[in-house]
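The next block holds one structure in the form of structure tokens; read it before the comments.
As the structure is a computational prediction, the values presented were derived from the model and not from experiment.
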Amino acid sequence: MVTVPDTFDEEALRTATTLAEAGDALLADALTRARTTGRVAQDLAGAPELLRRYEQAVPPTRALLEAAMDARRLGVGLHLPQAFLTDAATDYLSDDEFDELSEDWAEAAYADLAQPVHGKQAPLRRTGARPARRPPGRSTQPATETSPAGMGPVFRLADYLEQHGRTARRRLCPPASFWHAAYTHLTSPNDLRNVAQEAEHMQRLQWSHDLYDAAAKAGSAEALVHLARLRMRAGDGEGAEELLRRAVDAGHSSALLALARLRMTAGDAEGAEGLLRRAVDVGYPPALVDLARLRQEAGDPEEATDLLQRAVDADLPYALLGLTRLLEQAGDREGAEEAAWRAVEAGHTVTLGDMPWLMDGVCEAGFQNRLGHAVDAQNTFVLDDLARLRMRAGDGEGAEELLRRAVDAGHSSALLALARLRMTAGDAEGAEGLLRRAADAGHTSALDRLVTERMRAGDRDGAEELLQRAADAGRTAVLLDLAQLRMEAGDREGAEGLLRRAVDAGHVIALDTLARLREEAGDTEEAEAIAWAAADAGNRFVLVKLARMRQQAGNQQGAEHLLRQAADAGYTDPSPMTEEWVSTAPEWRHGLDPDGTPTPPWR
């Protein structure tokens, strides 16, 4: 007799992982679900049958499964309350299917879904909480066996069906019964907050507000912060402050920072400073940076410097940029250089958004290429900034020495700043030599600047030759620039070919321009497919831009159709795209109902 283990042990899992990495797609897929439990054989045996059970299920059973799939993909926890699933499922049925429901439809559907398939897996199985095990005397509360949801029976969806639902249903908005059931039956603050956030991304704004409100009442301080943001967007600053103060009282320390920024906006520097000091006292280091700003504006650079040093010590390396500037302005050149080098060694990529109040006169480390994407954001930007300060003080020699030391230390991005200094000094030849060195080191922004100079000189052929050499050397990012030159020359077909090569090489940003070109060529079907590919890759605003193009071309129906699909998929984060959304579909200003129709005005 041979005893077969119930699960793969670690050695077997390592072997399975090796096979998966070598190309075994079936094992790779199973390991995404069974790696932690080791139940690989059961997963392989049960997955096809689970899918068949779902696809061939009778309508009530299928409705329960789809409600469970949507709940999991929208952020509800593993344990799904039966009352929630039952109420949520009703609108997944057509009118005829709903009319045909028997009185015991739910009981029959749950019984059907509890029947296991191969591998002892059930599509939707009842589960429960293990009893708590506490040392005697640790708590006066007895150990209980209540459900994880805290109310009635709970169920767990099979992992394979959960994963299938995340893919197959990723562009579908749940029906009204789902949102109502979530509001009525979910009690976990995290579950409510997660569903509220997804509702907001889907432009179901009224449900989002009500679910955030329910999460706040259930104890989520983070939900209060979200509600405050919604109040600010509606122009209710006073209401936003009240909500933030409630979040602070509930222990949400980051709400102190948000509240302080509201006070700063209102011109109440004293009140803002008090809130920031409270945030620092409760251990919220990001408040140190805002507090440093206030102290600098109040004419106290000494305390501002101390606060930024504390921020650095609290592992906020972007504060080194501000520290460098303050030390340089205070005449402590040695300290400024030390802070700058610490920023470089920390490996932190500094951006203009990190420290906007310290950014006066500071330029990006890389140039902006003509297709609109930023390149070569380097942590040596802090050295560039320091060099600029020295140039302004009339110490060009000291600025160049600092940057040359950076180059000698292996930080080739400093070549970009050094080239700008040479250009400012009128040494175009020296600047070009430095840019070529930077381009040879792989800095696309240096190559872009060289191309720009060739174009200014009217040497288009020279510009294309530079880019083509880089592409031939394997630097596929320059395909974007080559495509731009082809478009400027009127060769749209050649531009599209280059953009497709860029996409194949992994530069998904090219999908944006490719979608625009296809739309302009009248191929709306492919333009939409490309836009969805860009959205799935993370560039979701492409869908909104494409909708705007359709509206401007007089195709309002096509624009609204695309926007509604984007909303259903949750690809419309409201914060950055509210104006674009409203300008394309003004009647959707108050959001959408679950069925996709505009929501009437609500308060």
Side-chain angles (χ1 to χ4, degrees), residues 1-58 61-82 84-85 109-133 145 147-149 153-172 188 190-191 194 198 506 536-538:
M1 179 179 292
V2 177
T3 301
V4 179
D6 188 49
T7 61
F8 277 29
D9 59 21
E10 279 302 317
E11 183 179 354
L13 284 170
R14 282 193 295 271
T15 303
T17 302
T18 300
L19 291 169
E21 291 171 351
D24 190 321
L26 198 61
L27 268 179
D29 181 56
L31 286 170
T32 63
R33 297 178 295 274
R35 181 66 179 83
T36 55
T37 64
R39 296 174 65 83
V40 179
Q42 292 89 332
D43 187 276
L44 290 169
E49 183 65 11
L50 286 170
L51 184 59
R52 187 195 69 78
R53 288 276 298 276
Y54 163 61
E55 291 178 340
Q56 298 181 13
V58 296
T61 303
R62 187 184 180 94
L64 283 175
L65 284 176
E66 290 181 344
M69 289 175 180
D70 285 347
R72 290 294 293 136
R73 71 184 176 93
L74 267 61
V76 182
L78 281 173
H79 302 102
L80 307 170
Q82 183 177 26
F84 159 71
L85 289 174
Y110 283 112
D112 179 26
L113 291 170
Q115 295 299 314
V117 300
H118 308 309
K120 299 181 180 179
Q121 299 180 74
L124 188 70
R125 61 182 172 84
R126 183 166 176 170
T127 186
R130 294 177 183 272
R133 308 295 188 188
E145 295 190 30
S147 73
V154 293
F155 289 77
R156 178 168 176 174
L157 181 66
D159 290 346
Y160 178 79
L161 291 179
E162 177 186 327
Q163 192 176 64
H164 176 75
R166 291 182 188 277
T167 302
R169 300 185 58 78
R170 70 186 186 280
R171 295 181 184 172
L172 299 176
S188 162
N190 288 339
D191 289 350
N194 290 343
E198 293 300 325
D536 289 339

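Of all non-hydrogen atoms in Thr7 and Thr37, the two that sit nearest each other are CG2-O, 3.6 Å. Here the shortest heavy-atom pairing between Gln115 and Pro123 reads O-CD, 3.6 Å. A pairwise comparison of heavy atoms in Phe8 and Ala16 identifies CE2-CB, 4.4 Å as the closest pair. The minimum heavy-atom distance linking Ala20 with Leu31 is given by the pair CB-CD1, 4.0 Å.
Considering Asp112, Leu157, Thr61 in turn, Leu157 is the only one that fulfils the side chain to side chain contact (heavy atoms under 4.5 Å, CB included) rule with Leu124.
Looking at residues two or more places apart in sequence or on another chain, you find a ring-ring contact (aromatic ring centres under 6.0 Å, His included) between Phe155 and Tyr110.
With a 4.5 Å cut-off on side-chain heavy atoms, Leu113 and Leu65 count as touching. Put simply, the side chain of Leu50 reaches to within 4.5 Å of the side chain of Gln121, judged on heavy atoms. Annotation: side chain of Asn194 is not in contact with side chain of Val76 (no heavy-atom distance under 4.5 Å). Arg35 places none of its side-chain heavy atoms less than 4.5 Å from the side chain of Val40. Here the side chains of Arg72 and Leu78 are in contact, with some heavy-atom distance below 4.5 Å.
If you take NE2 on His79 and CZ on Arg156, they are separated by 6.5 Å, rounding to the nearest 0.5 Å. Note that CG of Leu64 and CE of Met69 are 11.5 Å apart. Values are rounded to the nearest 0.5 Å. Atom CG of Asp43 and atom OG1 of Thr32 lie 7.5 Å apart (nearest 0.5 Å). Atoms CG and CG, on Leu80 and Asp191 in that order, are 8.5 Å from each other to the nearest 0.5 Å. Rounding to the nearest 0.5 Å gives a distance of 8.5 Å between OH of Tyr54 and CG of Leu161. Atom CG of Leu44 and atom CZ of Arg33 lie 8.0 Å apart (nearest 0.5 Å).
Side-chain atoms of Arg73 come within 3.5 Å of backbone atoms of Arg169 as a donor-acceptor pair (strictly under, hydrogens ignored). Put simply, the side chain of Arg170 gets close to the backbone of Thr167: a donor and an acceptor are under 3.5 Å apart.
Look at Arg53 and Glu49 and you find no salt bridge, because none of the NZ, NE, NH1 or NH2 atoms lies under 4.0 Å from a carboxylate O. Look at Arg171 and Asp536 and you find a salt bridge, because one of the NZ, NE, NH1 or NH2 atoms lies within 4.0 Å of a carboxylate O, short of that distance.
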